[in-house]
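Model, not experiment: these values are computed from the prediction. Residue numbers begin at 1 in each chain, while the letters A, B, ... track the order of the sequences.
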There are 2 protein chains.
Amino acid sequence: MAKLKNVLWIMADQLRYDYLSCYGHKTLHTPNIDRLAAMGVKFNRTYVQSPICGPSRMSFYTGRYVRSHGSTWNGFPLRVGEPTLGDHLRELGVRCSLVGKTHMVPDAEGMKRLGIEPESVIGNFVRECGFEPYERDDGLHPTALSHHSNLAYNEYLRAHGMGGENPWEDWANSAEGPDGEILSGWYMQNAHLPARVPAEHSETTYMMNRGIDFMEEAEGPWLCHLSFIKPHWPYMAPAPYNDMYSAKDLPPVVRTDEELRTDHPFLKSWQETRVSECFSRDDVRDRVAPVYMGLIKQLDDEMGRLLDYLEKSGRLEDTMIVFTSDHGDNMGDHWLGEKDLFYDCSARIPLIIYDPRPEADSTRGTSTDLLAEGIDLAATFVECFGGNAKPHILEGRSLMPIIEDRVGSWRKYAISEYDYSTRSPRRALDVDEADARLIMVFDGRWKYIHCEGFRPMLFDLETDPGEVVDLGAVAEHEQTRERLRQEMDRWSRTHHNRITISKARIEKLTDIGEPPGILIGYWDAPKAENSDTSG
Amino acid sequence: MAKLKNVLWIMADQLRYDYLSCYGHKTLHTPNIDRLAAMGVKFNRTYVQSPICGPSRMSFYTGRYVRSHGSTWNGFPLRVGEPTLGDHLRELGVRCSLVGKTHMVPDAEGMKRLGIEPESVIGNFVRECGFEPYERDDGLHPTALSHHSNLAYNEYLRAHGMGGENPWEDWANSAEGPDGEILSGWYMQNAHLPARVPAEHSETTYMMNRGIDFMEEAEGPWLCHLSFIKPHWPYMAPAPYNDMYSAKDLPPVVRTDEELRTDHPFLKSWQETRVSECFSRDDVRDRVAPVYMGLIKQLDDEMGRLLDYLEKSGRLEDTMIVFTSDHGDNMGDHWLGEKDLFYDCSARIPLIIYDPRPEADSTRGTSTDLLAEGIDLAATFVECFGGNAKPHILEGRSLMPIIEDRVGSWRKYAISEYDYSTRSPRRALDVDEADARLIMVFDGRWKYIHCEGFRPMLFDLETDPGEVVDLGAVAEHEQTRERLRQEMDRWSRTHHNRITISKARIEKLTDIGEPPGILIGYWDAPKAENSDTSG
């Protein structure tokens, strides 16, 4: 396989798969992202490994399931020693750089135990989840936390005349009232107002500039993870994106009264959280969702600027470009707000891969319904830089066979996990924190959701693409549930930690039997012809 | 709880639970180990987490299941960053020292990735599985491997007039023929002959001396893991232990013709390995098992010397003493040799704990049928030194409540795993290396054995204590199999890697909801009375 020189891996945060025109949105036109899709392969059915920032990203960055890397919720540190994409790429001589968000929280206790100095070169990689941070910015810097104090973006805003203790909050994520008072973007009643920051200095534009800065400076080969915070909340856009769309541009909300009458204790409890109740209000959705669209539109405009830059700089000829997100946004569907749970609006993401090599010509502009997982990207990147995808460590599958139109058998299920141990429904349901676990198994038609301690949920996306009819207790679907339950348990039982020994090494050890000189179960000296060492 | 000063943790290698007189052996009298049992608690039903040295020991030394630490077979490196008993004890100010065997293979690749110098203090802990090696000796040093070249025991033998390239092999594990020729202990036809080494310089005696040396020198508090290689093969004992027993002293072999007619492909394949066929011969068992008994008898004699030393030195008053082994030896039972698989002769071990504190007086000299697992020891040691047993990391349960006669509810199942990926039956059965997995779930009566890709096995130890009737395909036991299958899968699905966050921290995070300043799903400023942050 011809080698690519670089990979530019773009990630939006909280971007639903269906809020792009190439994925079917009717009123939100995203011609630049659509242009990328026309240049590459659009993956129609891609699922994240957890529908929440931290765990999803740790899966992207390690190429491993959430149960494997163990960072099951935002802020749960990634254990020291967990191999990262950056580790694998550095072995191949490739820089793995970060511009933007990762949501990584390092395992300070583990680093101390192993004597890894946080400020050392390796310590920095460990703290940054394997990335070399060109610019790290997780994009959430409330004044009440200290995150903002050393934020480069705050320095930037100040240099452009937007000052105060925390310009991120006061300019980029606040509006102004008629009397000059600051109206916080945290309160969704203000969502339709323009952010105080002009678009040219907003977070999306700033981070795109930084991405281009990196590419201007960097020698290849590199992977650049250009990772935007928006359209993640606070839902507040700079002009003109703040009022580019209105409630009439929204797709119909997907929810039914039957859903509210669910007998599933877990789902009921989730519907009853404050956030879900808030997003179930029409006035909230009608105000927030158009701004969410505006933020996506802004990102698309910036993507246009990026594609122009890539074309002009020659990078379109030697750089793979990947566009994706870390999870979606329920945005009132199913009587839910935020992400979480496994409805398509939350667990399904857009994924577009442009590969400039001639080997990818036959799939250019096509799309595929094959099931992809977020963890497939790490394996893809390792392979596209000529490495071994290390299946004993990387649990995803390289997408290169799809991109090169040479795919044979493919995975039958996409899997996602969710740990609700820190969420209020756990207490309401009186579940032990260790048992607050959900697992989704989706086979392309049937979505099975295991809720530890409760009955499963089941949706048939063929007859019910909106996922509003829970078949989890319907007798006629028992066989389907049993089949998917078996797949889930089979997957749970597999090795998730046997990462220090390759498949090739195991085959070699099987050939050898026992090390030289270790003679087990011999009555007398083995004759040359029967010196096998089986058992 | 009053603190103990030290822990002396003795481990024999490959010692079956039933080859001690306190565990019911009729002809092998082990008065010294029995004396320890009379001073403490004898655990009647203790199972290792894998019936093979390396994985079993990595579970003992990490306090975690094999699927959690990932070192699933001998020589598969323990991943860097896996927390060890030694790490937990050092936090408590306790030295964790090793005298003898661990079977640890370090994760050199992971250490390099994290910049951990092998020769540094921390690097040494990582390489030695958390132990401070007073003396490391894995006890298997064939001349064909280079292990022997720097072996302290070889230096010792040379200093006592036993020279040559590799005295371990040529003196401690070889006999002499009538014409002075060296007869190798690897060949079991020689097992009955006396080793060339005199008992006083044999491995068992040498390592006991080294353990006493350590205790003479060490300041407490310490844990000393005194870890003997024998009665592990090569089955060769010094005089007089080599011919202290004969075939007439052996318990009847446990095997039936029905077992040979098994329709279970896995079991059939295992019976057909060379080692199993060899140990199925009466002449082999009749020659080897008496020597195995002799090696145990020697260990018991050394235990007598140890107990005398401990009494004289005052250690009986301030030191917990634990006696156990890492797995058993099939010794021809079930037409099998070696360890492996989950028959009691292989997966069940002796476990005796002497605790000198008055709190343990009420259980002194008693035994318990409660199910114990090898991983319980790490949690026990952490607790007995006053630490928190860290249930998010340590998967075993402290045995202190049993020792102090205050146990409430207890575990319902013991679990053990086995990875046969490098074994010849895997090829014979055409199983992918990743699927070569077995799991045992034993509830105190029913032993359920999951064989990935094959039907399960099931034994009823109440009606069939010899485990010769496989009920894995008998229709009337379907409910029992289903119940244990469900327990296995439930256990497989639990967190095994969420080790960076404590239960207390999760409860605290649940209380908090979201970090300060992060306001999700608010239409307007929350009023003081409804400022909960659920969801």
Check: Between A/G123, A/G517, A/G81, which residue shows the highest count of heavy-atom pairs closer than 4.5 Å to chain B?
Finding: A/G517
Note to self: If I take atom NZ from residue B/K503 and atom CD from residue A/E433, how far apart are they, to the nearest 0.5 angstrom?
What the structure shows: 4.0 Å
Check: Could you give the distance from CZ (B/R437) to CZ (A/R493), rounded to the nearest 0.5 Å?
Finding: 7.0 Å
Notebook entry, point to check: What part of A/D435 gets closer than 4.5 Å to chain B, counting heavy atoms only: side chain, backbone, both or neither?
Noted result: neither
Margin query: Looking at chain A, which one of B/E417, B/K508, B/H392, B/E452 has the largest number of heavy-atom pairs inside 4.5 Å, strictly under?
Written below: B/E452
Margin query: Between A/N497 and B/H69 (side chain of the first, backbone of the second, donor and acceptor by atom type, cut-off under 3.5 Å), is there such a pair?
Written below: no
Margin query: Is B/L509 in contact with chain A via its backbone, its side chain, both, or neither, using a 4.5 Å heavy-atom distance?
Written below: both
Next item on the list: Enter the distance from A/D283:CG to B/W523:CH2 here, rounded to the nearest 0.5 Å.
Entry: 5.0 Å
Check: For A/I439, is it the side chain, the backbone, both or neither that has a heavy atom under 4.5 Å from a heavy atom of chain B?
Finding: side chain
Next item on the list: Sort B/F279 into side chain, backbone, both or neither according to what part of it lies under 4.5 angstrom from a heavy atom of chain A.
Entry: side chain
Checklist line | Cationic N near anionic O, under 4.0 Å, B/E82 to A/R79 | finding: yes
Check: Which region of A/S421, side chain (C-beta onward) or backbone (N, CA, C, O), has a non-hydrogen atom less than 4.5 Å from a non-hydrogen atom of chain B, or is it both or neither?
Finding: both
Note to self: Tell me whether B/Q189 at atom CD has more than 12 heavy atoms from other residues, nucleotides or ligands lying less than 6.0 Å away.
What the structure shows: yes
Note to self: Quick check on A/V284 against chain B: is it the side chain, the backbone, both or neither that has a heavy atom closer than 4.5 Å?
What the structure shows: both
Check: Which value, rounded to the nearest 0.5 Å, describes the distance between A/I520 atom CD1 and B/C278 atom SG?
Finding: 11.5 Å
Note to self: Please determine whether side-chain contact (heavy atoms from CB on, under 4.5 Å) holds for the pair A/I506 and B/R426, giving the CA-CA distance in whole Å, both sets of side-chain angles, and the decisive distance to 0.1 Å.
What the structure shows: CA-CA 11 Å; A/I506 286 175; B/R426 199 257 299 175; 4.1 Å; yes
Notebook entry, point to check: By a 4.5 Å heavy-atom criterion (distance strictly below it), what part of B/D432 contacts chain A: side chain, backbone, both, or neither?
Noted result: side chain
Checklist line | Most chain A-contacting option - heavy-atom pairs closer than 4.5 Å, from B/M488, B/R485, B/H141, B/R90 | finding: B/R485
Notebook entry, point to check: Which atom pair, heavy atoms only, marks the closest approach of B/P142 to A/P516?
Noted result: CG-O, 3.8 Å
Check: Of all of B/S71, B/G115, B/P83, B/G337, which one pairs up most often with chain A through heavy atoms under 4.5 Å apart?
Finding: B/P83
Check: With distance as the sole test, does B/S424 use its side chain to make a donor-acceptor pair with the main-chain N or O of A/G513 at under 3.5 Å?
Finding: no
Notebook entry, point to check: Is A/D87 salt-bridged to B/K112, cutoff N-O under 4.0 Å?
Noted result: no
Check: Okay, side chain of B/R498, backbone of A/T72: is any donor-acceptor separation there less than 3.5 Å?
Finding: no
Next item on the list: Using non-hydrogen atoms and a 4.5 Å limit, figure out which bit of A/R505 sits close to chain B: side chain, backbone, both or neither.
Entry: neither
Notebook entry, point to check: B/P515 and A/L145: which non-hydrogen atoms are nearest, and at how many Å?
Noted result: CB-CD1, 4.0 Å
Check: Taking A/Y235, A/Y420, A/F76, A/W73 one by one, which has the highest count of heavy-atom pairs under 4.5 Å against chain B?
Finding: A/F76
Check: Where on A/W186 is there a heavy atom nearer than 4.5 Å to chain B: the side chain, the backbone, both, or neither?
Finding: both
Item checked: Heavy-atom contact with chain B under 4.5 Å, split by part of A/P391 -> neither
Next item on the list: Heavy-atom distances under 4.5 Å only: say whether A/E507 touches chain B with side chain, backbone, both or neither.
Entry: both
Next item on the list: Between chain A and each of B/I499, B/V66, B/D107, count heavy-atom pairs under 4.5 Å; write down the option with the most.
Entry: B/I499
Next item on the list: Please say whether more than 12 non-hydrogen atoms of neighbouring residues, nucleotides or ligands are located less than 6.0 Å from CD in B/E117.
Entry: no
Next item on the list: With a 4.5 angstrom heavy-atom cut-off, could you sort out which part of A/L114 is near chain B: side chain, backbone, both or neither?
Entry: both
Check: Which value, rounded to the nearest 0.5 Å, describes the distance between B/S492 atom OG and A/R490 atom CZ?
Finding: 12.0 Å
Notebook entry, point to check: At a heavy-atom separation under 4.5 Å, does A/D419 approach chain B through its side chain, its backbone, both, or neither?
Noted result: side chain
Checklist line | Toward chain B, the part of A/D524 with a non-hydrogen atom under 4.5 Å | finding: both
Margin query: What part of A/L140 gets within 4.5 angstrom of chain B, counting heavy atoms only: side chain, backbone, both, or neither?
Written below: side chain
Item checked: Choice from B/M111, B/E277, B/E91, B/R281 maximising heavy atom contacts with chain A below 4.5 Å -> B/R281
Note to self: Using the side chain to side chain contact (heavy atoms under 4.5 Å, CB included) definition, which of the options B/I512, B/D511, B/T510 pairs with A/T422?
What the structure shows: B/T510
Next item on the list: Apply side-chain contact (heavy atoms from CB on, under 4.5 Å) to the pair B/H88 and A/R113, showing each step before the final yes or no.
Entry: CA-CA 10 Å; B/H88 306 307; A/R113 191 170 69 238; over 6 Å; no
Checklist line | Residue part contacting chain B, namely of A/T494, when any heavy atom lies under 4.5 Å | finding: both
Margin query: What part of A/R67 gets within 4.5 angstrom of chain B, counting heavy atoms only: side chain, backbone, both, or neither?
Written below: both
Item checked: Euclidean distance, B/Y187 OH relative to A/L519 CG, rounded to 0.5 Å -> 5.0 Å
Item checked: Option that, when pairs with chain B are counted at under 4.5 Å, heavy atom only, ranks first among A/I122, A/D489, A/V105, A/V288 -> A/D489
Note to self: Counting heavy-atom pairs under 4.5 Å with chain A, which one of B/H450, B/H496, B/E169 comes out on top?
What the structure shows: B/H450
